[in-house]
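Report on one structure; see the data block that follows.
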Amino acid sequence: MKIQFLGAAKVVTGSNILITTGKYKILLDCGLFQGSNELESLNYDKFQFDPKEIDFLILSHAHIDHSGRIPKLVKEGFRGSIICTKATKDLASIMLVDSGHIQESDVKWENRKRSRSHKKPLVPLYTSEDAHTSLRYFKSSLYNQKINLNESISLRFRDAGHILGSSIVELWITENNDTVKIVYSGDLGTKNKPLVRDPEIIEEADYLILESTYGNRLHDNAEERVEKLIKIINATALRGGTVIIPSFAVGRTQELIYELNKYYEYTNELETFMKVPIYIDSPMAISATEIFRKNADCFDEEARNLILNGDNPLDFENLYFVRGHEESMRLNQVPYPKVIISASGMCTAGRIRHHLKHNLWKAKNSIIFVGYQAEGTLGKILKDGADKVKLLGEDIAVLAEIHSIEGFSGHGDQKDLLNWVGAFKKKPKRIFLVHGEEESTNTLAKLIKEQYNIPTITPNVGYIFQADAETLKSFSGEILEPIQRKENIKKELQQVFDQFESLVSQTDRFIEEDLLRKNYDELKNKLLELQRELLDISMLLGD
Ligand SMILES: [Zn+2]
């Protein structure tokens, strides 16, 4: 068996790993390279394998740097299955189509320039149509469900706590009566991230492929982030100003909605009388929020409890969604204090740019950055304190307050990564460090060696690891005692049962007329589904 690293090797984008067994070819992720022109040009290179020969693509999560070359893969002949969690499939369906639109419009713009200098027009990497076609190959699986892909390959998704649907992949490959277990971390989240669960602990692996984004960094204290956010909103509103928050449409925006919901619905502090209107101005963020609501089973316990108590944690009284372009433009004509959350997160494109143009030059306003700002982006220039910027063809003075709140990161830091590795009971024989800049992987490699004495490899693009050449015989049977396993399952079952009971005790709510009128079909279908499941469970118990 061979493991070949074809992307996110010494960089953080373009995730793509090829596993070749005697009979099958499996890809882990197929992401877009993002960042510099040089890096992005790699997306146009030929794949270093024949897409027609790939049997399975296992997708860890929907982020474009992990999924963005899927439409290209399908366009070039892939006909296998793309396997991921349901929420990942739902999110990928909007993100890939959006990515297709972006590819088309980038090329259109470039071609206008090229036609003026009589150059041949470029062809987009793929179109939104190609993205639609690729969705046919997606198949979804549940978390924690071990599935056999065929006689020699099994797979299980565990929660990576990074974005909705994100997963750690456990892969068992049997060849010549020998089973090797490969664990691919995907992108690992942080503990206590809003909405999503904490990253799950994995206890055994022969080989571990580990992300290393923050291998050389520790995050600031995350606890104060919401307090800081609310303080800025309230201070700005008191002086009659508007708050602009550039935010990634998928993930970050929903986290903000969730935190604001908690504040406006449950905190009875003086400021709440204001209930500043919050506008989500990004069609993509609105579609993504819908998908979050439909995948509430992936939420953490706190969010699920809110739902079971009758609150929709992604909606509150003073929250408004803005779809239309004109409606978005009108936001800048109304003089009252408000918050506008809009994309793109690094201010490189999208509606955020016209909101900045209308609000940057007034001292009463505030801009809050809640995400990573890459070198060279408008977001980074503002964050660094520019007093003037060029926006949509005009020079705009920067008089608004510029704030930056750390602590909303999607990735675990150095300590989180080391603790996660330390929790393995059966230590991996080797760890491959991917998805990190060189400085970051080097630091992490050194610490892993020091603390756990596990050898690491930081592969270059194209590096092939020949697992069969390893003399060590591997065995990846389950290592937990059956008794302990039974106890764990009992605990999990009890949790599900408690939630079910709590729901049943609220039947009155289901039959409220308003609710019924609004959600009749959906409720009916879900309840029928539940009835079928309950019958299946009764059958099992009757055996
Ligand atoms: Zn990610």
Side-chain angles (χ1 to χ4, degrees), residues 3-17 28-43 45 60-61 63-69 160 162-163 166 168 184-190 199 208-220 248 251-252 344-346 348 369-381 383-384 404 406-421 430-452 454-463 465:
I3 308 174
Q4 188 174 14
F5 297 84
L6 296 166
K10 297 190 175 169
V11 290
V12 293
T13 60
S15 288
N16 190 213
I17 295 158
L28 299 173
D29 289 347
C30 191
L32 212 60
F33 289 100
Q34 294 172 303
S36 66
N37 287 341
E38 195 193 342
L39 211 52
E40 290 192 1
S41 71
L42 293 177
N43 294 319
D45 285 359
S60 68
H61 66 291
H63 275 154
I64 285 299
D65 62 321
H66 292 256
S67 68
R69 275 189 293 162
H162 169 66
I163 57 162
S166 67
I168 302 160
Y184 172 46
S185 71
D187 286 359
L188 288 174
T190 52
L208 168 63
I209 304 167
L210 176 67
E211 72 119 318
S212 52
T213 319
Y214 289 122
N216 62 342
R217 251 182 63 182
L218 293 169
H219 293 325
D220 293 343
F248 304 105
R252 194 59 41 86
S344 73
M346 297 195 273
T348 47
F369 290 102
V370 290
Y372 179 74
Q373 303 299 315
E375 229 30 80
T377 58
L378 176 61
K380 176 78 169 141
I381 293 167
K383 210 177 139 181
D384 284 348
S404 176
E406 311 285 334
F408 279 100
S409 176
H411 290 265
D413 65 6
Q414 183 186 74
K415 207 168 122 217
D416 294 324
L417 289 170
L418 284 170
N419 286 343
W420 192 75
V421 171
R430 240 166 247 280
I431 299 181
F432 302 94
L433 294 176
V434 294
H435 205 285
E437 305 283 348
E438 218 164 335
E439 200 185 318
S440 178
T441 46
N442 286 348
T443 314
L444 193 64
K446 200 171 132 253
L447 291 170
I448 289 174
K449 180 85 191 133
E450 270 170 28
Q451 298 186 14
Y452 308 118
I454 304 172
T456 61
I457 293 175
T458 304
N460 278 315
V461 176
Y463 174 86
F465 178 77

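No experiment lies behind these values; they were computed from the predicted model shown.
- Rounded to the nearest 0.5 Å, atoms CD (Gln4) and CG (Asn16) are 9.0 Å apart.
- Partners of Asp45 by side-chain hydrogen bond (donor to acceptor under 3.5 Å, both in side chains), not counting sequence neighbours: none found.
- Phe5 is linked by a side chain to side chain contact (heavy atoms under 4.5 Å, CB included) to Ile3, Ile17, Ile209, Phe432, Val434, Pro459, Tyr463, counting only residues two or more places apart in sequence or in another chain.
- Rounding to the nearest 0.5 Å places NE2 of His162 at 4.5 Å from NE2 of His63.
- Within the model, atoms CG of Leu418 and CD1 of Ile448 stand 6.0 Å from one another, a figure rounded to the nearest 0.5 Å.
- Applying the side chain to side chain contact (heavy atoms under 4.5 Å, CB included) test to Asp416 and every residue at least two apart in sequence or in another chain returns Thr190, Asp413.
- Every ring-ring contact (aromatic ring centres under 6.0 Å, His included) that His219 has, sequence neighbours left out, goes to Tyr214.
- Rounded to the nearest 0.5 angstrom, Glu438 CD and Ser212 OG are separated by 10.5 Å.
- Atom NZ of Lys446 and atom CD of Gln451 lie 10.5 Å apart (nearest 0.5 Å).
- Side-chain atoms of His411 do not come within 3.5 Å of backbone N or O of Gly189 as any donor-acceptor pair.
- Annotation: side-chain hydrogen bond (donor to acceptor under 3.5 Å, both in side chains) contacts of Ser60 (sequence neighbours excluded): Asp29.
- By the side-chain hydrogen bond (donor to acceptor under 3.5 Å, both in side chains) test, Thr443 pairs with no residue at all, sequence neighbours left out.
- Checking side-chain atoms of Thr441 against main-chain N and O of Gly436 turns up no donor-acceptor pair under 3.5 Å.
- Side chains of Met346 and Phe248 form a contact here, defined as non-hydrogen atoms less than 4.5 Å apart.
- No side-chain donor-acceptor contact under 3.5 Å links Asn43 to the backbone of Leu32.
- Looking at Arg69, its side chain does come within 3.5 Å of a backbone N or O of Gly31 through a donor-acceptor pair.
- Although no hydrogens or angles enter the test, the distance criterion places a donor-acceptor pair under 3.5 Å between the side chain of Thr13 and the main chain of Gln34.
- Taking Glu38 as the reference, Ser36 meet the side chain to side chain contact (heavy atoms under 4.5 Å, CB included) condition, with sequence neighbours excluded.
- Applying the salt bridge (Lys or Arg N to Asp or Glu O under 4.0 Å) rule to Asp384 yields the partners Lys380; only residues at least two apart in sequence or on another chain are considered.
- Proximity of a side-chain donor or acceptor of Ser15 to a complementary backbone N or O of Ala8 within less than 3.5 Å is not detected.
- Under the side-chain hydrogen bond (donor to acceptor under 3.5 Å, both in side chains) criterion, Lys415 pairs with no residue, sequence neighbours left out.
- Under the 4.5 Å side-chain criterion, counting only non-hydrogen atoms from C-beta, Leu417 is not in contact with Gln414.
- For Ala445, the side chain to side chain contact (heavy atoms under 4.5 Å, CB included) criterion is met by Leu433, Thr456, not counting sequence neighbours.
- Side-chain N or O atoms of Arg252 include one that pairs as donor or acceptor with a backbone N or O of Phe408 at under 3.5 Å.
- Taking OG1 from Thr213 and CG from Leu188, the interatomic distance works out to 8.5 Å, rounded to the nearest 0.5 Å.
- Using a 4.5 Å heavy-atom cutoff, the side chains of Ile454 and Leu208 are not in contact.
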